Amino acid sequence: MSRRFSLTLSLVLLVWGCGEDESAVPASSPDYATPARPSYARGSAPAKVPVIPFEEVAAEAGIDFVHTNGAFGDKWMPETMGSGVAFDDLDADGDADIVLVNGTWWPGHEGEGSVPTSAVFANDGAGHFTDVTPRSGLDVPVQGMGITAADYDADGDKDLFVTTLGANLLLRQKSAWNYDDVATSAGVAGTLWQDDRRLAHPEWSTAAAWVDVDNDGLLDLFVANYVQWSPENDLYFSFDGESKSYATPPQYQGSTPRLYRNRGDGTFEEITESAGVLLPDAKSMGVAVADFDEDGRADLVVTNDTQPNFLLHNLGGRFEEIGLAAGIGYDESGRARAGMGVDVNELEDGAAQTIGIGNFSREALSLYQQTAARGQVFLDVAGRTQLVESTLPTLTFGLRFVDFDLDGRQDLILANGHIEPEINAVQKEISYAQPPQLFWNDGKGHLIEASDRAGDVFGESVVGRGLAVADLEGDGDTDVLLGTNAGRARLLRNEVVTADRQTANVLVIELAGEAPSLEGLGAVVEVRSGSLRQRQHVRTGSSYMSHSQTRLIFGLGEGTTAERVTVRWPGERVTHLDNVQVGFLYRVGHRGIVEQQPLQ
């Protein structure tokens, strides 16, 4: 294959947006070509849409971090993808800490100053952070991508898994903010791939999730991989016939995900092939854990960039890939979209589960809803949910379903940003930096854009990537950590819960499992309050290469009591709690409430 392509071909690739067939869209289409209003203009929100106020407080909170993508002018593909973020209680003191995954300089193209590494920030409990990166074990230069956290060795503290272009890191916690990288000895550092250009290259790992796939109580590790790229096989593309542009994934061979079974002794066995997830054409960016048929086994949704998305149905520790049959592999026109981040939740009381997938610009967000409870067939309801027009111009990476206003319904937040800095030269309605977006769930089957009622940060254009959510201050509302490519991290403090707690009808559930699974990962918590029923899954994964807090927040709207809280643990065990009052964090074990603390 020639290393230099013509102007015409390169223009087509850019207009496709990582896989979209422009020929199927009329050139005069107002949705794709000349929007009736500016691409990111916010119309006046309907009066019924509430104010959901956020304030950007990263600098105020002590978060001083600028992501490095290593770009030096040659436009190497991995520069566009980073990076993920983690937002969870990592030192077991009850508040949500932060890890910001970083890239570094490419060999031979070093910059000035200290070598860039990932950064770790400890929360003091009041929403202010201290940089604890030095000597943490995360202060090593890697081409970092994603992160997930869990207590895989059941010793009472959370460990970290960091994906990279190269050897992945398994950071076993020794003490607060002190980790050892044991990836090689544990058997999860990654695999080399081979082709006819070079004997071996490291895999490019992206999203990952800790998940007990065989219900033996031990946390296994699923690792998504992208394409087979290295500096030696980098391809040259141009959209002006002179300068290089970033390549698109169709030009590179895909790379299978990897599944590692936890042996229970600190090591893992790779079971990719025997477990049915050897999928060499994958170009995976996101993974979400769910249980669609409610059989107590963890299913996986895996997004692919210009390849069909996967739905890995768990048959009991072994999977069957049913994405095409389930209806999530392609869009309604039979095309594979550029799947990025992913999340799964229930959008309405007692409704079937819905999969949200972020896609490329000129590809609307995918919103696949089960056609029946426990069913394995999905329909894209983005159109009837009113998401298409607002998400056509954006390239969405991170996303999460979250009840931001505590009314008992899951809203939606998106982190947006293009991969090509010069995209506006060929697509006038598309920009490189793009604002994040917030959509409010009206309870009638619609997600209505509420970005203009959510604070100035939703009018600020950034190159968004990783997105994670947690309760920053322990007040019961959900805050947001947003990572940007080659830019500063944003910390969005949710101010729905005010100082006088007038909107604090919320209860928080944190599970305390029993050895060997101490965190309750895989459990489903159901809360009933009046006519309102909510269910949430305790899990890792979701969004884009990021990790969110595993404690669960339930807003009850006008309700002040949950008549019944039910915890369905992995396996057959069920815990019931009756008449649970709002305003508290409840730590729940198999036998009931272990501890309860008032929200701050």
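Everything numeric here is computed off the predicted structure, so don't read it as measured data.
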*Side chains of L387 and L367: does their closest heavy-atom pair fall under 4.5 Å?*
yes

*Between D331 and R337, is there a salt bridge with N-O shorter than 4.0 Å?*
yes

*Are N441 and D411 linked by a side-chain donor-acceptor pair shorter than 3.5 Å?*
no

*Kindly compute the distance separating CG (N485) from CG (N69), expressed to the nearest 0.5 Å.*
4.5 Å

*asked:* For N416 and Q437: C-alpha separation, side-chain torsions, deciding distance, then whether side-chain hydrogen bond (donor to acceptor under 3.5 Å, both in side chains) applies.
replied: CA-CA 8 Å; N416 302 318; Q437 292 172 288; 3.0 Å; yes

*Between the main-chain N or O of A176 and the side-chain N or O of D91, is there a donor-acceptor pair closer than 3.5 Å?*
no

*asked:* Parallel, tilted or perpendicular, judged at 30° and 60°: which one describes the rings of F65 and H67?
replied: tilted

*Using a strict cut-off of less than 4.0 Å between a Lys/Arg side-chain nitrogen and an Asp/Glu carboxylate oxygen, indicate whether R493 and D471 qualify as a salt bridge.*
no

*asked:* Donor-acceptor check, side chain of S546 to backbone of S543, threshold 3.5 angstrom: yes or no?
replied: no

*For V49 and A450, which heavy atoms make the closest approach, and how far apart are they?*
CG1-CB, 3.5 Å

_4.5 Å side-chain heavy-atom contact, V497 and L406_ = yes

*asked:* Evaluate V342 against I355 for side-chain contact (heavy atoms from CB on, under 4.5 Å), listing each step before the verdict.
replied: CA-CA 7 Å; V342 58; I355 303 168; 3.8 Å; yes

*May I ask you to check whether F54 and F458 place their ring centres under 6.0 Å from each other?*
yes

*How far apart are the C-alpha atoms of L481 and L100, what are their side-chain angles, what is the distance that settles it, and do they pass the side-chain contact (heavy atoms from CB on, under 4.5 Å) test?*
CA-CA 9 Å; L481 178 64; L100 299 164; 4.1 Å; yes

*Count the heavy atoms belonging to other residues, nucleotides or ligands that lie under 6.0 Å from CG of D64, then report whether that count exceeds 12.*
no

_Is the shortest side-chain heavy-atom distance between V301 and I328 below 4.5 Å?_
yes

_Verdict with reasoning, D479 to L492, per side-chain contact (heavy atoms from CB on, under 4.5 Å)_ = CA-CA 6 Å; D479 309 289; L492 283 58; over 6 Å; no

*Does F554 offer a backbone N or O that forms a donor-acceptor pair with the side chain of Q534 under 3.5 Å?*
no

*Is a side-chain N or O of Q434 found less than 3.5 angstrom from the main chain of V463, in a donor-acceptor match?*
no

*State whether K75 and E420 are salt-bridged, where the test is any N-O pair (Lys NZ or Arg NE/NH1/NH2 against Asp/Glu carboxylate O) under 4.0 Å.*
yes

*asked:* Closer than 3.5 angstrom, by distance alone: can the side chain of S431 be matched with the main-chain N or O of A433 as a donor-acceptor pair?
replied: yes

_Is it true that S361 and H418 share a donor-acceptor pair across their side chains at a distance under 3.5 Å?_
yes

*asked:* Any heavy-atom pair between the side chains of L491 and I98 that's under 4.5 Å?
replied: yes

_Donor-acceptor pair between T303 and N309 side chains, under 3.5 angstrom_ = no

*Measure the spacing between CZ of R551 and CG of D89 and express it to the nearest 0.5 Å.*
6.5 Å

_Tell me the closest heavy-atom pair linking L90 and L160, and the distance in Å._
CD2-CD2, 4.1 Å

*asked:* I'd like to know if the side chain of S548 and the backbone of V469 have a donor-acceptor N/O pair within less than 3.5 Å.
replied: yes

*asked:* Which heavy atom of L482 sits nearest to which heavy atom of A415, and what is that distance?
replied: CD1-CB, 3.3 Å

*Mind checking whether H128 and V57 have side chains closer than 4.5 Å, heavy atoms only?*
no

_Applying side-chain hydrogen bond (donor to acceptor under 3.5 Å, both in side chains) to D234 and W229, what does each step give before you reach the verdict?_
CA-CA 7 Å; D234 181 68; W229 178 95; 3.0 Å; yes

*With a 4.5 Å heavy-atom cut-off, do D131 and V120 have their side chains touching?*
no

*Mark yes or no for whether T540, through its side chain, and A209, through its backbone, hold a donor-acceptor pair below 3.5 Å.*
no

*Take R400 and D343 through the salt bridge (Lys or Arg N to Asp or Glu O under 4.0 Å) test and state the conclusion after the steps.*
CA-CA 6 Å; R400 284 299 301 246; D343 196 17; 3.1 Å; yes

*In Å, rounded to the nearest 0.5 Å, how long is the span from CD of E346 to OG1 of T354?*
8.5 Å

_Just verifying a value: how many Å separate D477 CG and F404 CZ, rounded to the nearest 0.5 Å?_
10.0 Å

_Exercise: identify the closest heavy-atom pair between H109 and W105_ = O-CB, 3.9 Å

_Applying side-chain contact (heavy atoms from CB on, under 4.5 Å) to M285 and Y226, what does each step give before you reach the verdict?_
CA-CA 7 Å; M285 303 292 278; Y226 193 43; 3.2 Å; yes

*Do you know the tightest heavy-atom contact between S366 and N359?*
OG-ND2, 2.8 Å

*Might you work through the salt bridge (Lys or Arg N to Asp or Glu O under 4.0 Å) test for E429 and R362, ending with a clear yes or no?*
CA-CA 10 Å; E429 79 281 14; R362 294 187 166 184; 2.8 Å; yes

*Looking at side-chain heavy atoms only, is the closest gap between Q386 and F439 below 4.5 Å?*
no

*Is there a donor-acceptor contact under 3.5 Å from the side chain of Q427 to the main chain of N424?*
no

*Any sub-3.5 Å donor-acceptor pair from N304's side-chain atoms to K283's backbone N or O?*
yes

_Checking the side chain of D97 only, and the main-chain atoms of N123 only, is there a donor and an acceptor separated by less than 3.5 Å?_
yes

*Ion pair present between R490 and E460, side-chain N to carboxylate O less than 4.0 angstrom?*
yes

*With a 4.0 Å cut-off, would you call R409 and D407 a salt bridge?*
yes

_Residue pair S205 / N168, side-chain donor-acceptor N/O under 3.5 Å_ = yes

*Could you grab the distance from atom CG of N102 to atom CD of Q143, nearest 0.5 Å is fine?*
9.0 Å

*Could you please spell out the steps behind the side-chain hydrogen bond (donor to acceptor under 3.5 Å, both in side chains) verdict for Y246 and E79?*
CA-CA 9 Å; Y246 287 111; E79 297 165 3; 2.7 Å; yes

*Might you work through the side-chain hydrogen bond (donor to acceptor under 3.5 Å, both in side chains) test for S390 and E449, ending with a clear yes or no?*
CA-CA 8 Å; S390 295; E449 185 161 9; 3.1 Å; yes

*Between W204 and N225, does any side-chain donor sit less than 3.5 Å from a side-chain acceptor?*
no

*Looking only at heavy atoms, what is the nearest atom pair of S284 and T206, with distance?*
O-OG1, 2.8 Å

*Any side-chain heavy atom of L365 sitting closer than 4.5 Å to one from L412?*
yes

*Rounded to the nearest 0.5 Å, how far does OG of S451 lie from CH2 of W440?*
14.0 Å

*Do Y544 and F397 have ring centroids that are under 6.0 Å from one another?*
yes

*Verdict with reasoning, K158 to D88, per salt bridge (Lys or Arg N to Asp or Glu O under 4.0 Å)*: CA-CA 10 Å; K158 284 195 176 180; D88 199 1; 2.5 Å; yes

